[in-house]
There are 4 protein chains.
Amino acid sequence: MEQQSARLGRPRSERARAAVLHAADDLLVELGYAAMTVKGIADRAGVGRQTVYRWWSTKAEILLEASADDARQELAVEPASDPVDGLTQYLDALAVFLTRSHAGAAYRALTGEAQHDPAVAALLDGDDVIGDSARAVLGRILGEDADRGTLDQATALLIGPLFYWLFTDHDPALLDTRAMAETCHLQLVRAGEGDGAQARPAASQPL
Amino acid sequence: MEQQSARLGRPRSERARAAVLHAADDLLVELGYAAMTVKGIADRAGVGRQTVYRWWSTKAEILLEASADDARQELAVEPASDPVDGLTQYLDALAVFLTRSHAGAAYRALTGEAQHDPAVAALLDGDDVIGDSARAVLGRILGEDADRGTLDQATALLIGPLFYWLFTDHDPALLDTRAMAETCHLQLVRAGEGDGAQARPAASQPL
Amino acid sequence: MEQQSARLGRPRSERARAAVLHAADDLLVELGYAAMTVKGIADRAGVGRQTVYRWWSTKAEILLEASADDARQELAVEPASDPVDGLTQYLDALAVFLTRSHAGAAYRALTGEAQHDPAVAALLDGDDVIGDSARAVLGRILGEDADRGTLDQATALLIGPLFYWLFTDHDPALLDTRAMAETCHLQLVRAGEGDGAQARPAASQPL
Amino acid sequence: MEQQSARLGRPRSERARAAVLHAADDLLVELGYAAMTVKGIADRAGVGRQTVYRWWSTKAEILLEASADDARQELAVEPASDPVDGLTQYLDALAVFLTRSHAGAAYRALTGEAQHDPAVAALLDGDDVIGDSARAVLGRILGEDADRGTLDQATALLIGPLFYWLFTDHDPALLDTRAMAETCHLQLVRAGEGDGAQARPAASQPL
DNA sequence: AAATAAACGAGACGGTACGTCTAGTCTTTCA
DNA sequence: TGAAAGACTAGACGTACCGTCTCGTTTATTT
């Protein structure tokens, strides 16, 4: 007496799902995002085109599913005793992620696409792997009581310069990540001193 | 003693050039970058498709030519007596540019596209309107003797947070631009004190 | 024990095939062969362009497929008791075919095109509807034992004058088809008398 | 007192005219009629495109002008003592012309094109080099008193079979030209005996 | 000699078909 | 019912050529 009859019909093929995700990852590296096509992914995966469309709407969705787990793992930095060390390590991990890993290449491509495709923007907004990882690191320094707005601005302060540096195609080796971490940490401390500070443009307090 | 014999053949039509640039600008706003096509631009401009391809290779080139002049003008901020005021005004102008103006929309789209199209990346690298404008403002504070590496890092520090904020689709009104300007200015001053400092990752000095 | 399992995938659309052939026929009459385009055929047929190219390489192939069946039918002349009557009826049918029917217009165009397009020449050579029909009529007179070379020359003798007459744009009403048939028949008889004759240029025997 | 003053302006360049005609001839041989383009001719001739369009409307006109003189010369057969010899020599010359000479290739292409381009048909109708040459040969046999209709039908009878043979891409070596000439001559004699005969389909007299 | 006039080469113009590509959908058979 | 195969309509791609239209230049005749 099954309370919920098993879903009818042939169950989804895990083999097909994995093949599609792998094919997308491969093609991103081989051809780049722009040259990737749904047709190409399906052909490479040995899968019918309809099967792709049945489970994913766009190549962006495929790529996100193919990369999210890897990204989360690569951006998880264990706590350091010194806050500046922790921030520096995080920035270094982020730089490596964005410039060296497959998943990072996918995120650069998707973030780029999001600038002119609202659907991709919404997709990324719903699963902000990079932002979440940064907020996790910053949360360990600011404590549990930090509100979301403060965390968001601190995130921008921390990773913004690196983000800009890489998105304008500069060499990450030429960027002083420790200096960035120190700058960010200094602001965190200053903001903490200004008690009850609320970060709003009208007020001129630092953060 | 003619230095250059007059060019042969029918001269390029300024009318056609302007029509293409206007059409590209219009279509970017109406349809967005992804939905723009060379065919669409040519049709809208009342111009043959070959005429577009004769002078531009990609829609990115068209858009860049259509926006560069506007961008340069919108990002030119006159000197302020107080350095922090100057930086703040520049950040505000940049935020308005990227979120409100046609040319800014074009630059967001192009910078996004550059993440997965090396040709577009090269194009932007060759004419870095935003970076140039930031370096101009920072140069007024750092003086003539500032070297390029220092200027580049200062640029990242100044506009990186805003850049990240907007590229991850946040509301610019929620970002404290004056705080960003102060943070940047503080680092400029600290770096100036550390005389003969050379900003390299190995060294831990701030900038 | 199936000899051939049914083919995979969506089967070819008979609707699309028929629409293309009809469209080609219509456009030949309306515009003429030179002004026909593959694009025009596809549009008129309400069919994707790729669908046309999937099944046919050139407009010549389309036209041939559209006309071959009609041509075969229009050129089939039933046996007459008198040989000269049979030949005359065939010539009249051929004249009507080439000057009045859609299929005939297609054959004129294709034969013309074959003069400067080897691909079209090969196409017609592989399915010589007109020659086949003439050889069928002549075979009834010459008997089963006529070899191919003799049949081919008799064909040239029979329809050559009419062919030239029409291809140089003369009025078919001004040509005496019975005289042509008689001439041809006379030669057939003369050649039959010269027993064991082999038609070769070196020898001067008539056929 | 010149009644018609020499025309004003720069006179037509004989150099350009010759270069265009040569280029057309070359390209016909190299590429074939279908692949020839006005642009290609102009480029090959080192001539502006407008110069071509100023003097010729279509590539057919160019080709006709380039070939007519050669054709007339190649098809001029001197009188023979025996009529059948004369006809045979003419047919052989025509076969060589159509299959071996540049000018002949041009005529095959043009005659082909005429089947689906009325403008080309009109062009050829106005300067029927092949028909004229055949009528000249036949006129020498039939005498001055032969009327145009009789000459035309005799022409069809004489060259029709060869014409068909070559237009359906057969080897001219396999056709017995002397037999064709004899057949034609026999009919000329028979028609001559039937005094005052007028060739009309209604009547059943041979020619 | 200067003015006039037409032809010249070069090459850009708007237009349109080419044949290819991918999108996203539809229709089969097989598991 | 899902998956594979593959045909379907639709439409953009970048190229080629069309026939026309400027350009500046050249070569004549006419003043």
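These numbers were taken from a predicted model, which means no experiment stands behind them. We name chains A, B, ... by the order of the sequence lines, and we start the count at 1 in each one.
Under the side chain to side chain donor-acceptor pair (under 3.5 Å) criterion, B:Arg10 pairs with no residue at all, not counting sequence neighbours. In this view, D:His102 and D:Asp25 satisfy the side chain to side chain donor-acceptor pair (under 3.5 Å) rule, not counting sequence neighbours.
Atom pair D:Trp56:CH2 and F:dG19:C1' shows a separation of 16 Å (rounding to whole Å applied). Atom pair C:Trp55:CH2 and F:dC8:C1' shows a separation of 11 Å (rounding to whole Å applied). What separates CD of D:Glu61 from P of F:dG19 is a distance of 12 Å, to the nearest Å.
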Protein-nucleotides 1-6 of chain E N/O pairs closer than 3.5 Å?
unit_1: E:dA6; atom_1: N3; unit_2: D:Arg10; atom_2: N; d: 3.3

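For DNA chain F, no neighbouring residue in residues 25-35 of chain C is found when judged by any heavy atom under 4.0 Å. Residues from residues 37-50 of chain D lying near DNA chain E, meaning a heavy-atom separation below 4.0 Å, are D:Gly46, D:Val47, D:Gly48, D:Arg49 in numerical order.
A:Thr51 has a side-chain polar atom (N or O) that falls below the 4.0 Å cut-off from OP1 or OP2 of F:dA4. B:Arg15 has a side-chain polar atom (N or O) that falls below the 4.0 Å cut-off from OP1 or OP2 of E:dG14.
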Donor-acceptor contacts under 3.5 Å from residues 39-49 of chain A side chains, at least two apart:
unit_1: A:Lys39; atom_1: NZ; unit_2: A:Asp43; atom_2: OD2; d: 3.1
unit_1: A:Arg44; atom_1: NH1; unit_2: A:Glu30; atom_2: OE2; d: 3.3
unit_1: A:Arg44; atom_1: NH2; unit_2: A:Glu30; atom_2: OE1; d: 2.6
unit_1: A:Arg44; atom_1: NH2; unit_2: A:Glu30; atom_2: OE2; d: 3.1

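Among the nucleotides E:dC18, E:dC8, F:dC8, the one closest to any side-chain atom of C:Ala16 is F:dC8.
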